[in-house]
Amino acid sequence: MRTLAITQNVTLDGRVEMLGDWFAPQAQGDADNGDLLEENRRQDAAADALLVGRRTFEDLRGYWRDLEGDTTGISEYLDGVRKHVVSVTLDEPAWEGTDVLRPSGADDLVAQVRRLKEADGRDVVCTGSITLCHALVVADLVDEFRLFTYPVVQGAGRRLFPDGYEASGLRLAEATAFRSGIGYQRWVRR
């Protein structure tokens, strides 16, 4: 079975909703971020499926699809990876390699994601898509949490885990401090 990993950029106070300008994706190509970029590329090579909600998909498509001169490799990765978008309103994804998942409800979403996990392939990564992440967490479908922690406190915004959600049985599998001050932790289910 494939690993379903939630990969998020998060603030020190646990916020994944970006209300400020603390995350600059093109800055990952800077010389000081070479170690961070190397980790991103390692994770990209281990994944052949991206699972996102409609808003995140449209943000990614609007920024990365036609970006010229990208030194990070993110555009190339997103152009090549199989994209699965959860949406009941998106008619035409307008990005090659994109499937639209149209769940009729929470149970159908869970069933479709389970089928995706059971299919042959490498990792399935979900990023952004806070509402979708919450649904995946509550349905107990997530195998790993890959968190890139930025050294800022935002003070507001949605968190990775929905209010009231409790979990135990997670194990720290990896931890890295990058030269930029960004930290990385990979948490896996036991």
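Only this structure's heavy atoms are used, side chains among them; waters, hydrogens and symmetry mates stay out. Just so you know, these numbers come straight off a predicted model, no measurement behind them.
- Annotation: E174, atom CD; neighbour count of heavy atoms from other residues, nucleotides and ligands within 6.0 Å is above 12.
- Within the model, atoms CH2 of W64 and CD of E76 stand 12.0 Å from one another, a figure rounded to the nearest 0.5 Å.
- Side chains of R186 and L147 form no contact here, defined as non-hydrogen atoms less than 4.5 Å apart.
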Worksheet item: Hey, mind stepping through Y150 and V10 against side-chain contact (heavy atoms from CB on, under 4.5 Å) and telling me if it holds?
Response: CA-CA 6 Å; Y150 284 69; V10 61; over 6 Å; no
Practice prompt. Report the C-alpha distance between T127 and I6 in whole Å, list the side-chain angles of each, state the deciding distance to 0.1 Å, and finish with yes or no for side-chain contact (heavy atoms from CB on, under 4.5 Å).
Written response: CA-CA 6 Å; T127 191; I6 288 181; over 6 Å; no
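- Ring geometry for F178 versus F148: interplanar angle under 30°, hence parallel rather than tilted (30 to 60°).
- Under a 3.5 Å cut-off, the side chain of T56 and the backbone N or O of S129 do form a donor-acceptor pair.
- Salt bridge status for D99 with R82: present, with a side-chain N to carboxylate O gap under 4.0 Å.
- At least one donor-acceptor pair closer than 3.5 Å links the side chain of Q154 to the backbone N or O of L19.
- No more than 12 heavy atoms of other residues, nucleotides or ligands shown are found within 6.0 angstrom of CZ on R55.
- One finds the CG atom of L51 at 6.5 Å from the CG atom of L4 (value rounded to the nearest 0.5 Å).
- Residues R61 and D66 fail the side-chain proximity criterion, which asks for heavy atoms closer than 4.5 Å.
- Judged by distance alone, with hydrogens and angles left aside, the side-chain atoms of Q8 form a donor-acceptor pair with the main-chain N or O of G128 at under 3.5 Å.
- Salt bridge R179/E39: absent, no basic N to carboxylate O contact under 4.0 Å.
- Comment: E144 engages R146 in a salt bridge, judged by a side-chain N to carboxylate O separation of less than 4.0 angstrom.
- Using a 4.0 Å cut-off between charged nitrogen and carboxylate oxygen, E58 and R54 count as a salt-bridge pair.
- The local environment of CD in E118 is crowded, with over 12 non-hydrogen atoms from other residues, nucleotides or ligands closer than 6.0 Å.
- Using a 4.5 Å heavy-atom threshold, the side chains of T131 and R158 count as touching.
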Practice prompt. Could you go through the side-chain contact (heavy atoms from CB on, under 4.5 Å) check for T149 and Y184 one step at a time?
Written response: CA-CA 6 Å; T149 305; Y184 169 69; over 6 Å; no
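- When side chains are defined from C-beta on, H84 does not count as touching L50, because their heavy atoms never get closer than 4.5 Å.
- The shortest side-chain heavy-atom distance between P151 and I182 falls under the 4.5 Å cut-off.
- Using a 4.5 Å heavy-atom cutoff, the side chains of D44 and R42 are not in contact.
- Looking at heavy atoms from C-beta onward, L132 lies in side-chain contact with C126 at the 4.5 angstrom threshold.
- A salt bridge links D48 to R2: one of the charged nitrogens lies within less than 4.0 Å of a carboxylate oxygen.
- Taking a 6.0 Å sphere around CD of E38, one finds it holds 12 or fewer heavy atoms contributed by other residues, nucleotides or ligands.
- Shown here for F145 and L170, the closest heavy-atom pair between the two residues is CE1-CD2, 4.1 Å.
- V124 and W95 are not part of a single hydrophobic cluster, where members link through side-chain heavy atoms under 4.5 Å apart.
- The list of ring pair (Phe, Tyr, Trp, His ring centres under 6.0 Å) pairs with a residue in residues 111-141, not counting sequence neighbours, is empty.
- By the 4.0 Å N-to-carboxylate-O rule, R159 lies too far from D13 to be salt-bridged with it.
- Between the CG atom in L160 and the OH atom in Y165 there is a gap of 9.5 Å [rounded to 0.5 Å].
- Two residues are said to be in side-chain contact when any heavy atoms from C-beta on lie closer than 4.5 Å; T72 and L37 meet this criterion.
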Item to complete: Kindly determine whether Y77 and N40 satisfy side-chain contact (heavy atoms from CB on, under 4.5 Å), including the steps that lead there.
Response: CA-CA 10 Å; Y77 168 74; N40 284 333; over 6 Å; no
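- D123 contributes atom CG, which lies 9.0 Å from atom CG of D143 (distance to the nearest 0.5 angstrom).
- One distance of note links CG of L67 with CD1 of I74; it measures 9.5 Å at 0.5 Å rounding.
- In this view, D108 satisfies the salt bridge (charged side-chain N to carboxylate O under 4.0 Å, His left out) rule with no residue, not counting sequence neighbours.
- For the pair K83 (side chain) and V100 (backbone), a donor-acceptor distance under 3.5 Å is absent.
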